[in-house]
Protein chains: 2
Amino acid sequence: MQLTSSRPVHVPGPEDVVVPGQEDVPVLERELRSFFRRLRQWQRGADRVGLELDEHTFGVLSTVHDRGPSRLQDLAADLGLDASTVSRHVTALERCGLLTRVPDPDDRRARRVILTADGSAAWSRDREARRELVRRALSRWPADDRRRLTSLLTQLNAELATLLTEPEKEPA
Amino acid sequence: MQLTSSRPVHVPGPEDVVVPGQEDVPVLERELRSFFRRLRQWQRGADRVGLELDEHTFGVLSTVHDRGPSRLQDLAADLGLDASTVSRHVTALERCGLLTRVPDPDDRRARRVILTADGSAAWSRDREARRELVRRALSRWPADDRRRLTSLLTQLNAELATLLTEPEKEPA
DNA sequence: TATTGTTATACTCTATAACTATA
DNA sequence: TATAGTTATAGAGTATAACAATA
């Protein structure tokens, strides 16, 4: 814990809690944070990597596509955001002509958010561009490693989703 | 691409670009975004999962710990943030008593950021708490799967770091 | 009385630009 | 003239609270 240390990679010291069989956990914790920081960094400059839609726009459009005509609160729940926040996003995207709000036949308080033709086309283009970025990023990887990462990440997301609905909570 | 679709998981349609041997890439792209959204969501409520330090504070403290007495620009580079942004964080953390700025003997324009005893102790406690969260989150996983995830995530971060210094760019 | 959605407000994080002190 | 760091400012994203319309 000394201040003058200059080790760039973590080396277990006497102060570390060592759990037998879980020696990789300290590395995993570090790599998870590193990964998150990197994703956030790149997300900020989405246009600089050839994407036409920023992260929030793509997220909203994807959710509407997956859900079909959607109520605001359902979108908010799927996105993990407050309804007021999503309302702002939707308003902005409606001004851009990417989606529109139609009356909800079942509830006159609500409206249903749907994609416009432009929104659907832009989403489709961007989705393919994002997949191509992933392909290029991992172009030097063995296909098996990439598939294993896909599988583990899918399981991890499922695990985290489960934890959210349980008495326990999660990492950052 | 029809608006009335309500498939929650992506099913390849006729509009999808299919790359032989890379059929998992669409899933990977989706899971990467899902993962990022989840991490961001939990990061916002760091205190609600038992952490005393928020993500930025922990990031700055970790970087200072790893680097030792650090110049502001070096911290900013490591964190992927602008120097002005880090300057604000450091000022706030100095007010909290978690770190302090001392003169740089080599350059009177600069100062070196170092951890205080309180900062070092808080960082150490929080680091262990974060590792424990990871342990609990994956407590139901086979140890081999967890180790493989650690390994693949480490490789992925290295790959992404390499891409940053090359003519190509990256995902979001 | 409760719920859906919107808006007013405030707070945080971020970068750009202007500034100072030193190199 | 260039660089290290700070601060003023502005913009984006977020949540809370107050509101209107409907259930």
Side-chain angles (χ1 to χ4, degrees), chain A residues 33 36-48 53-60 63-64 67 69-96 99-114 172, chain B residues 33 36-48 53-60 63-64 67 69-96 99-114 172:
Chain A
R33 279 187 297 114
F36 178 72
R37 218 182 313 140
R38 237 178 272 278
L39 286 184
R40 188 177 46 189
Q41 201 172 333
W42 279 330
Q43 181 197 296
R44 288 194 69 85
D47 54 332
R48 275 173 285 184
L53 305 178
D54 63 46
E55 185 61 22
H56 300 287
T57 299
F58 188 73
V60 171
T63 307
V64 174
R67 297 189 56 91
S70 308
R71 292 158 49 117
L72 198 72
Q73 302 215 339
D74 293 331
L75 287 184
D78 277 17
L79 291 166
L81 296 171
D82 188 82
S84 65
T85 300
V86 179
S87 181
R88 285 190 181 285
H89 287 311
V90 168
T91 300
L93 295 179
E94 192 168 31
R95 285 207 192 92
C96 296
L99 48 75
T100 187
R101 287 183 266 213
V102 300
D104 183 331
D106 302 334
D107 186 340
R108 283 191 300 175
R109 293 173 302 183
R111 292 201 274 176
R112 298 283 184 153
V113 179
I114 61 173
Chain B
R33 278 186 298 114
F36 177 72
R37 219 182 312 141
R38 236 178 273 276
L39 286 184
R40 188 177 45 188
Q41 199 173 335
W42 279 330
Q43 181 196 296
R44 288 194 68 84
D47 53 333
R48 275 174 285 183
L53 305 179
D54 64 45
E55 184 62 22
H56 300 287
T57 298
F58 188 74
V60 171
T63 307
V64 175
R67 298 188 56 90
S70 308
R71 291 159 49 116
L72 197 73
Q73 300 215 341
D74 293 331
L75 288 184
D78 277 18
L79 292 165
L81 296 171
D82 188 82
S84 66
T85 301
V86 179
S87 180
R88 285 192 179 284
H89 287 311
V90 169
T91 300
L93 295 179
E94 192 167 31
R95 285 207 192 91
C96 296
L99 49 75
T100 187
R101 287 182 266 214
V102 300
D104 184 332
D106 301 334
D107 186 341
R108 282 191 301 174
R109 293 173 301 181
R111 293 201 275 175
R112 298 282 184 154
V113 179
I114 62 173

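Keep in mind the model is a prediction, meaning the values are calculated, not measured. We name chains A, B, ... by the order of the sequence lines, and we start the count at 1 in each one.
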(message) Using whole Å, what does the distance between atom P of nucleotide C:dT12 and atom CG of B:Asp47 come to?
(response) 13 Å
(request) Using whole Å, report how far CG of B:Leu72 lies from P of C:dA15. (result) 12 Å
(message) Rounding to an integer number of Å, can you tell me how far B:Asp54 CG sits from C:dC11 P?
(response) 17 Å
(message) Any residue in residues 74-82 of chain A with a heavy atom nearer than 4.0 angstrom to DNA chain C? Just list them by number, or reply none.
(response) none
(request) To the nearest Å, give me how far apart CD (B:Gln73) and P (C:dA15) are. (result) 13 Å
(message) Using the side-chain hydrogen bond (donor to acceptor under 3.5 Å, both in side chains) criterion, which residues pair with A:Arg112? Sequence neighbours excluded.
(response) A:Asp104
(request) Can you sort out the partners of A:Arg111 under side-chain hydrogen bond (donor to acceptor under 3.5 Å, both in side chains), two or more places apart, ordered by chain and number? (result) none
(request) Kindly indicate whether the side chain of A:Arg40, heavy atoms from C-beta on, has any atom under 4.5 Å from the side chain of B:Gln43. (result) yes
(request) Working to the nearest 0.5 Å, report the span between NE2 of B:His56 and CG of B:Leu93. (result) 11.0 Å
(request) Could you tell me which residues satisfy side-chain hydrogen bond (donor to acceptor under 3.5 Å, both in side chains) with B:Arg109, sequence neighbours excluded, listed by chain and number? (result) B:Asp107
(message) Rounded to whole Å, how long is the line connecting atom CZ of B:Arg71 with atom P of C:dT22?
(response) 15 Å
(request) For B:Leu93 and C:dT12, give me the distance from atom CG to atom P, rounded to whole Å. (result) 14 Å
(message) If you take any heavy atom closer than 4.0 Å to DNA chain D, which residues from residues 83-92 of chain A end up in contact?
(response) A:Ser84, A:Thr85, A:Arg88, A:His89
(request) List in numerical order all residues of residues 103-112 of chain A for which some heavy atom is under 4.0 Å away from an atom belonging to DNA chain D. (result) A:Asp107, A:Arg108, A:Arg109
(request) Applying salt bridge (charged side-chain N to carboxylate O under 4.0 Å, His left out), name anything that partners A:Arg101, two or more places apart in sequence or on another chain. (result) A:Glu94
(request) Measure the distance from CD on A:Glu55 to P on C:dT14 and round it to the nearest whole Å. (result) 16 Å
(request) Would you check if A:Leu99 and A:Val60 make a side-chain contact, meaning some heavy-atom pair closer than 4.5 Å? (result) yes
(message) Just to verify, what does A:Asp54 make a side-chain hydrogen bond (donor to acceptor under 3.5 Å, both in side chains) with, not counting sequence neighbours?
(response) A:Thr57
(request) Extract, from 5' to 3' on DNA chain D, the first and final nucleotides lying under 4.0 angstrom from some heavy atom of chain A. (result) D:dG13 to D:dA23
(request) Would you indicate whether the side-chain heavy atoms of B:Phe58 and A:Arg33 approach each other to under 4.5 Å? (result) yes
(message) Would you compute the distance between atom CZ of B:Arg44 and atom CD of B:Glu55 and round it to the nearest 0.5 angstrom?
(response) 12.5 Å
Could you go through residues 71-86 of chain B and list every donor-acceptor pair under 3.5 Å that involves a side-chain atom there, pairing it with any protein atom two or more places apart or in another chain?
residue : atom : partner : partner atom : Å
B:Asp74 : OD2  : B:Arg67 : NH2          : 3.4
B:Asp78 : OD2  : B:Arg67 : NH1          : 3.2
B:Asp82 : OD2  : B:Ser84 : N            : 2.9
B:Asp82 : OD2  : B:Ser84 : OG           : 2.7

